[in-house]
Amino acid sequence: MPEPLFILCPPRSFSSIVCGIVGQHPQCYGLPELNLFLADDVRGLWHGPMSMPIFRDGLLRALAELHDGEQTDDTVMRARAWITAHLDWDTRKLFDHLQELVGPRILVEKSPSIVSRDDYIARMLRIFPDANILHLTRHPATNGESIIALRNRFDALQAVARGPAADPERMWNRCHEVILKATSDLPLGQCMRIKGETLLSDLDCYLTQICEWLDIDTSRSAFDAMMQPETSPYARPGPKGALRGNDPNFLSNPAIDQARLARINSPSLEASVPWGDGGILSERTRKLAMRFGYH
C-alpha cells in the first residue's frame with residue numbers, strides 16, 4: 001500500500017480545499033478530518049480528545065461511507081457501534097483498516113488538531129515515518145481574520161477556542177513551530193512546503209508539481225478530476241449524527257471558484273490586525289512569516 005499524504009497546517013489555512021482537490025486525483029482518496037493521532041488507541045481517542053462531537057464527525061463519516069457506501073443516520077449509527085466494538089484497536093490498525101477499504105490509493109488527510117502539540121505530530125511520524133508531508137501555509141493576518149470570522153458564526157468552535165488557541169496569532173506561531181520542529185530532520189523530499197495563496201493562484205502549475213512529487217499521474221484527465229472537489233462524498237454536510245468532519249465553509253461551497261481564488265491576497269506584515277489591541281503582528285510572527293515567503 002502507498003504511504004499516506006498528510007497535510008499539516010493551522011486551522012483556516014486552505015487545507016480543506018487543498019485536501020479536497022488532491023484527494024480527487026484518481027490515484028488518491030481524500031478523507032475528512034480523522035483526528036487519529038491524538039491518542040495511541042481508539043479507546044483513548046473516543047473517550048479523550050475526541051469526546052467532543054466536532055472531533056468525531058470525520059471518522060464517523062469515513063467509516064459510514066467506506067463500510068456502507070453512503071452516509072445516513074443509520075450508517076453513522078452503525079459506524080458508531082463499530083467504533084465501540086473496536087476500542088481496543090491501536091491507531092495504526094484503524095488507519096490500516098481504512099486503507100484496506102480504499103485499496104491501493106493514497107490516503108490524503110488533514111487534521112489541524114494534530115499540529116497543536118508536539119506529541120500529536122510525533123505520534124503521527126512514529127506510526128508513519130515515511131509518510132508524505134505537505135506543509136501548507138497562509139498569511140498570519142488573513143489566517144487570523146478567517147479564524148475569528150468562523151468562530152463568530154459557530155458556537156461549537158467557541159468551545160474549543162481556549163488557552164493558546166484563543167489568540168489566532170499565537171496559534172499560528174505555535175502550530176507552524178510544531179510542524180517545523182517535527183519535520184526538520186526528515187529526509188530531503190519527504191516534506192513539501194507551499195504557500196496556500198501561491199498554490200491556489202496557479203493550480204495548473206502547482207498541482208502538477210505535487211503529482212510529480214507523489215509520483216502519480218499528471219495527465220489532463222487526472223487534473224480534470226482534481227478540479228472537481230465537490231464530487232467528494234465528504235464535500236457536503238453529513239447526516240444529523242455527523243454533520244461536520246470538515247471546514248464549514250468548504251462544506252457549504254466546495255466547488256473551485258476561480259474568481260474568489262483570484263481575490264486571495266497577502267497583506268503587508270506591517271499592517272494592523274483586527275484582534276488584540278489592533279496593533280501589528282509581533283516580531284516573532286513576522287520573522288516566521290518571512291521565512292515562509294511573506295513580506
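For clarity, every value in this text was computed on a predicted model and none was experimentally measured.
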Shortest non-hydrogen pair, N246 vs S16, comes out as OD1-OG, 2.8 Å

Taking all non-hydrogen atoms of both residues into account, name the closest pair between A289 and L269 and its distance. CB-CD2, 3.7 Å

Classify the angle between the aromatic ring planes of W82 and H86 as parallel (below 30°), tilted (30 to 60°) or perpendicular (above 60°). parallel

Supply the atom-to-atom distance Q258 CD to R263 CZ, rounded to the nearest 0.5 angstrom. 11.5 Å

Crowding at CG, D257 (>12 non-hydrogen neighbours, <6.0 Å): yes

Residue pairs fulfilling ring pair (Phe, Tyr, Trp, His ring centres under 6.0 Å) with at least one residue in residues 176-203, sequence neighbours excluded: H135-H176, W172-H176, H176-F292

Verify side-chain contact (heavy atoms from CB on, under 4.5 Å) between F37 and F128, making sure each step is shown before the conclusion. CA-CA 11 Å; F37 302 109; F128 291 102; 4.0 Å; yes

Under a 4.5 Å cut-off applied to non-hydrogen side-chain atoms, are D74 and R78 in contact? yes

Smallest separation among heavy atoms of Y120 and P49, with atom names: OH-CG, 4.3 Å

Please check if any side-chain donor atom of S113 sits under 3.5 Å from a side-chain acceptor atom of S116, or the reverse. no

Which heavy atom of V108 sits nearest to which heavy atom of G23, and what is that distance? CG2-CA, 4.2 Å

Less than 3.5 Å apart, any donor N or O on the side chain of T75 or E70 sitting next to an acceptor on the other? no

Within a 6.0 Å radius of atom CG on D224, are there more than 12 heavy atoms belonging to other residues, nucleotides or ligands? yes

Under the salt bridge (Lys or Arg N to Asp or Glu O under 4.0 Å) rule, what pairs show up with a residue in residues 38-56, not counting sequence neighbours? D40-R123, D40-R126

Of all heavy-atom pairs between H139 and P267, which one has the smallest distance, and what is that distance? NE2-O, 2.7 Å

Give the minimum heavy-atom separation between A64 and A79, together with the two atoms involved. N-CB, 3.9 Å

Taking only residues two or more places apart in sequence or in another chain, which ones pass side chain to side chain donor-acceptor pair (under 3.5 Å) with T91? none

From CA spacing to verdict: side chain to side chain donor-acceptor pair (under 3.5 Å), T137, Y294: CA-CA 10 Å; T137 70; Y294 300 100; 3.0 Å; yes

Check whether any side-chain heavy atom of I114 sits under 4.5 Å from a side-chain heavy atom of S111, and report yes or no. yes

Just wondering, do N253 and N249 contact through their side chains at under 4.5 Å, heavy atoms? no

Would you say the side chains of Y206 and S201 form a donor-acceptor pair under 3.5 Å? no

CE of M192: more than 12 outside heavy atoms within 6.0 angstrom? yes

Check: P112 and E33 side chains under 4.5 Å, non-hydrogen atoms: yes

Can you name the residues that form a side chain to side chain contact (heavy atoms under 4.5 Å, CB included) with I216, not counting sequence neighbours? H25, Q27, C28, I106, C211, L214

Residue list, side chain to side chain contact (heavy atoms under 4.5 Å, CB included) with S146, at least two apart or on another chain: R12, R138

Taking atom types as modelled, find out whether H67 and H97 have a side-chain donor-acceptor pair closer than 3.5 angstrom. yes

Using side-chain heavy atoms (C-beta onward) and a distance below 4.5 Å, is P254 in contact with I17? no

Contact check, side chains of P4 and E109, non-hydrogen atoms, under 4.5 Å: no

Distance in Å, L200 CG paired with F14 CZ, rounded so as to fall on 0.5 Å steps: 6.0 Å

Which distance, rounded to the nearest 0.5 Å, do you find between the CG of N173 and the CG of L281? 9.0 Å

Step by step, would you call E177 with R284 a side-chain contact (heavy atoms from CB on, under 4.5 Å)? CA-CA 11 Å; E177 287 168 354; R284 171 190 176 194; 2.7 Å; yes

Are there more than 12 heavy atoms of other residues, nucleotides or ligands under 6.0 Å from atom CD of E283? no

Quick one: pull up CD1 in I133 and CG in L8 and give me the separation to the nearest 0.5 Å. 5.0 Å

For S219 and D217, test the side chains for any donor-to-acceptor distance below 3.5 angstrom and give the result as yes or no. yes

Quick one: do K181 and D118 satisfy side-chain contact (heavy atoms from CB on, under 4.5 Å)? Show the steps, please. CA-CA 8 Å; K181 178 181 177 182; D118 292 309; 3.8 Å; yes

Results of side chain to side chain contact (heavy atoms under 4.5 Å, CB included) for S232 - residues two or more places apart only: Q24, Y234, A235

Rounded to the nearest 0.5 Å, how far apart are CG of L36 and CG of L31? 9.0 Å

With no hydrogens and no angle check, do the side chains of E169 and S282 hold a donor and an acceptor under 3.5 Å apart? yes

Is there a side-chain contact (heavy atoms from CB on, under 4.5 Å) between H47 and L87 once you walk through the steps? CA-CA 10 Å; H47 298 302; L87 293 176; 3.9 Å; yes

Nearest 0.5 Å please: distance from the OG1 atom of T142 over to the CD1 atom of I264. 8.5 Å

Would you check if L98 and L63 make a side-chain contact, meaning some heavy-atom pair closer than 4.5 Å? yes

Find out if a path of hydrophobic residues (ILVMFWY) with successive side-chain heavy-atom gaps under 4.5 Å connects L207 to F250. yes

Do D57 and V76 come close enough that some side-chain heavy atom pair is under 4.5 Å? no

